[in-house]
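This report concerns only the one structure given below.
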4 protein chains.
Amino acid sequence: MSKPDKKQAILDTALTLFVSQGFYATSTASIAKKAGVATGTLFHHFPSKDELMKHLFLSIKQEFADAITASIKDSGDLKQDAEHLWYSAIQWAIDYPLKQEFFQQYSMSPSIAIEIREQAMNSILSFMGNLMQQGQTQGLFASYPLTLMQDNCHGQYLAATRYFLDNPEKWQVDTHKQASFSMFWNAMVQS
Amino acid sequence: MSKPDKKQAILDTALTLFVSQGFYATSTASIAKKAGVATGTLFHHFPSKDELMKHLFLSIKQEFADAITASIKDSGDLKQDAEHLWYSAIQWAIDYPLKQEFFQQYSMSPSIAIEIREQAMNSILSFMGNLMQQGQTQGLFASYPLTLMQDNCHGQYLAATRYFLDNPEKWQVDTHKQASFSMFWNAMVQS
Amino acid sequence: MSKPDKKQAILDTALTLFVSQGFYATSTASIAKKAGVATGTLFHHFPSKDELMKHLFLSIKQEFADAITASIKDSGDLKQDAEHLWYSAIQWAIDYPLKQEFFQQYSMSPSIAIEIREQAMNSILSFMGNLMQQGQTQGLFASYPLTLMQDNCHGQYLAATRYFLDNPEKWQVDTHKQASFSMFWNAMVQS
Amino acid sequence: MSKPDKKQAILDTALTLFVSQGFYATSTASIAKKAGVATGTLFHHFPSKDELMKHLFLSIKQEFADAITASIKDSGDLKQDAEHLWYSAIQWAIDYPLKQEFFQQYSMSPSIAIEIREQAMNSILSFMGNLMQQGQTQGLFASYPLTLMQDNCHGQYLAATRYFLDNPEKWQVDTHKQASFSMFWNAMVQS
DNA sequence: AATGAATGAGCATTCATTCAT
DNA sequence: TATGAATGAATGCTCATTCAT
């Protein structure tokens with residue numbers, strides 16, 4: 001009920017509604033109403049609906065990046081580090097399903113200006129990029145084109161989070177959890 | 001003057017505009033105008049904008065399914081068959097980039113009713129499903145959960161097509177082409 | 001199924017739909033469909049929707065007029081003649097409830113050009129007019145202004161048909177039937 | 001600049017246009033334009049054209065009911081009371097010809113949901129109902145079925161207002177005025 | 001006479017955005 | 001900072017009518 005909360009209430013409500021109904025099917029009026037503020041208030045905090053979306057996208061991306069950064073280990077054992085990173089990334093998706101769903105929906109959508117999307121994606125993929133370059137340097141990974149590997153890795157990550165979000169109980173089962181990492185790892189490894 | 005032309009012109013134009021501008025940013029009036037028909041004609045053939053989208057989605061899905069079905073080989077060598085299937089699927093995406101882009105954008109989007117999306121996805125994934133079951137039966141593939149493998153496979157397919165669509169010249173380079181298949185194959189293989 | 005029936009099928013269907021849904025809520029397409037003809041056929045027989053309505057209105061009016069004319073008696077006893085006329089008119093409404101309902105709805109509605117309405121009403125009211133003039137000449141009726149009496153009479157007729165259409169079983173009960181005539185008669189009679 | 005003015009301006013304009021052109025022939029845009037507001041403003045105050053109509057209908061009905069209620073006398077002489085009521089009701093129609101015309105046009109029209117119409121009519125007819133029950137109890141009126149009497153009475157009222165609205169100068173002539181009441185009264189009286 | 005695809009003006013309604021309070 | 005009435009351009013869709021077959 002305190003004042004600074006209004007901006008946050010708008011963001012929270014927008015996240016929920018954008019995910020459940022889609023960007024275009026969500027009117028600014030409905031966001032304001034559900035957030036318990038006046039329509040004018042939304043535009044007081046965000047100059048336009050697009051800017052609200054952009055703010056949401058970038059701040060969620062940042063949260064993800066911070067979470068992953070915090071969980072990076074450098075034990076010297078690349079596979080162990082990668083496994084840790086992989087699980088952390090999926091764990092984040094499970095902890096924040098709405099935000100993950102938001103990414104799945106809007107990472108490819110024209111609702112978000114293309115340069116914003118790319119900027120966000122690059123930042124997320126850079127973690128993976130580093131890891132893969134290390135793997136290739138060490139001769140652990142096959143010498144596939146780096147961008148191809150990154151795209152592949154990103155594709156597998158999206159697939160894994162979708163799977164565990166759709167079947168949350170499987171995340172508790174070690175064989176499933178480990179299977180997801182094995183596929184990811186073996187795809188890159190020198191055979 | 002021929003009859004089916006107008007309906008087809010509407011579908012073709014809608015595909016182009018939905019991909020380039022997005023579903024919501026594309027007005028029915030603009031589709032009709034660019035297709036060279038009256039607004040009423042669009043609604044004569046499709047009862048609503050949503051139905052037009054649905055028709056487009058399902059017919060493109062069917063084209064893809066038909067193309068893949070036609071290219072399925074059963075040589076007895078699973079790896080060779082899989083490689084052939086993989087290249088065919090990517091080749092389709094390269095041959096029909098607009099349709100592939102359409103899938104990338106709308107497979108997850110709320111612009112298409114969820115049951116339509118799932119129906120389409122199941123039909124596409126069933127090819128892969130068969131192949132993977134064979135691989136597991138033959139002991140070639142690791143015994144990962146089947147749905148997880150399917151999701152992973154789908155994710156890698158989307159990543160590969162995105163890569164080759166963004167870098168079409170790489171599809172002519174065998175190392176790239178083969179690298180994409182190797183990652184896909186090794187992810188599943190019994191290590 | 002024979003050819004001349006098509007025009008009649010259109011008229012019958014239009015009557016039903018105009019009464020049940022209203023003139024504006026009934027599309028020419030829906031009339032044609034329900035009548036089992038093509039949209040073009042409707043416009044082949046009637047130059048416009050308004051003309052179809054006009055035709056319907058005037059032909060039903062004529063049917064009513066013919067029925068009443070046929071039932072006019074001139075026994076020399078004005079009250080008996082009037083009673084006979086009153087019952088005949090209400091009987092017609094009960095025999096053709098759709099047509100009666102049509103009149104109730106469209107006699108005052110802007111769906112029908114005002115001159116058509118007036119023309120029809122005058123023709124219907126002329127029966128009553130004659131009767132009332134006789135009554136006044138004979139000194140049976142009060143010497144109220146003729147037009148006022150006609151309007152009043154018309155109003156009572158509409159009310160009576162509405163009552164017996166809403167409660168059809170009451171038309172079989174003599175007290176109700178006679179009460180309706182008594183009110184009509186006593187309103188005009190010299191007291 | 002005052003607040004309630006815009007809503008009222010919309011209602012006033014809608015009344016005028018609905019009466020002069022009909023409900024369907026009156027576009028919301030034309031109402032807004034003539035009322036001097038933006039199209040959006042109409043929909044800000046009324047969720048739909050139908051709701052605007054409903055609001056208009058019910059509020060006019062209420063005005064009428066209030067006016068009649070205010071004029072009810074209970075002098076002990078039923079005939080005098082009835083005469084007073086009859087003249088008041090017609091006077092209202094003459095004072096507010098647009099509103100009376102509105103009733104004449106829309107009381108039977110499918111432009112207004114049937115339950116709204118009936119609700120309104122019941123409320124109007126209840127005045128008459130009371131009066132008639134008193135008349136029957138006192139043995140003044142014939143023992144006709146009550147509903148039939150009510151319908152008849154309503155029919156005569158509509159006829160009378162139509163007559164005096166079409167011939168306003170006649171309302172100043174006592175013989176006409178009294179004739180209208182005489183017909184109404186004699187219709188019900190024990191003969 | 002009969003058909004039904006095609007037309008396009010017209011409509012109700014939505015919604016991001018503004019601004020006076 | 002917050003409000004919510006007001007705005008008006010834009011949209012999806014309808015439907016009477018035409019006309020080539």
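As the structure is a prediction and not an experimental result, all values here were calculated from the model. Letters A, B, ... are given to chains in the order of the sequence lines, protein chains preceding strands, and every chain is numbered from 1.
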Exercise. Look at Thr28(D) and dA12(E) and indicate whether a side-chain polar atom (N or O) is within less than 4.0 Å of OP1 or OP2.
Key: yes
So if I take every side-chain heavy atom of [X] and compare against [options], which nucleotide ends up nearest?
X	options	value
Ala38(C)	dA9(F), dT3(F), dG4(E)	dG4(E)
Phe43(D)	dA9(F), dC13(F), dA12(E)	dA12(E)
His44(B)	dA6(E), dT3(E), dC13(F)	dA6(E)
Ser48(A)	dT17(E), dT17(F), dT13(E)	dT17(E)
Lys6(D)	dA6(F), dT18(E), dT13(E)	dA6(F)
Ser27(C)	dA12(E), dA16(E), dC15(F)	dC15(F)

Quiz item: So does Tyr24(D) have more than 12 non-hydrogen atoms from other groups sitting under 6.0 Å from OH?
Solution: yes
Quiz item: What are the two closest non-hydrogen atoms of Leu15(D) and Leu98(D), and how far apart are they?
Solution: CD1-O, 4.1 Å
Exercise. Write down the atom of Ile112(B), the atom of Met53(B), and the distance for their closest heavy-atom approach.
Key: CG1-CG, 3.6 Å
Practice problem: Name the residue closer to the 5' end of DNA chain E, choosing between Gly36(C) and Thr39(D) according to the nucleotide with the nearest heavy atom. | Solution: Gly36(C)
Quiz item: Where are the stems of DNA chain E, defined as at least 3 consecutive Watson-Crick or wobble G-U pairs with both distances under 3.5 Å?
Solution: E:2-21 with F:2-21
Is the shortest heavy-atom distance from the side chain of [X] to the side chain of [Y] under 4.5 Å?
X	Y	result
Arg117(A)	Tyr106(A)	no
Gln119(B)	Glu115(B)	no
Thr28(C)	Thr39(C)	no

Quiz item: Is the charged tip of Lys7(C) near the ring of Phe46(C): under 6.0 Å from the six-membered ring centre and within 45° of its axis?
Solution: yes
Whole-Å distance separating the [atom1] atom of [X] from the [atom2] atom of [N]:
X	N	atom1	atom2	answer
Phe23(C)	dC15(F)	CZ	P	13 Å
Glu51(D)	dA12(E)	CD	P	15 Å
Lys33(C)	dC15(F)	NZ	P	13 Å
Lys7(B)	dG4(E)	NZ	C1'	14 Å
Phe46(B)	dT14(F)	CZ	P	15 Å
Tyr24(A)	dT14(E)	OH	C1'	15 Å
Ile10(D)	dG8(F)	CD1	P	13 Å
Met53(C)	dA16(F)	CE	P	13 Å

Quiz item: When only distance counts, do a donor and an acceptor, one from the side chain of Thr41(B) and one from the base of dA5(E), lie under 3.5 Å apart?
Solution: no
Self-check item: Any donor-acceptor pair under 3.5 Å from Ser109(A) side chain to Gln105(A) backbone
Solution: no
Practice problem: Name the nucleic acid region contacted by Ser30(A), choosing base, sugar-phosphate or nothing; use a 4.0 angstrom heavy-atom cut-off, strictly under. | Solution: nothing
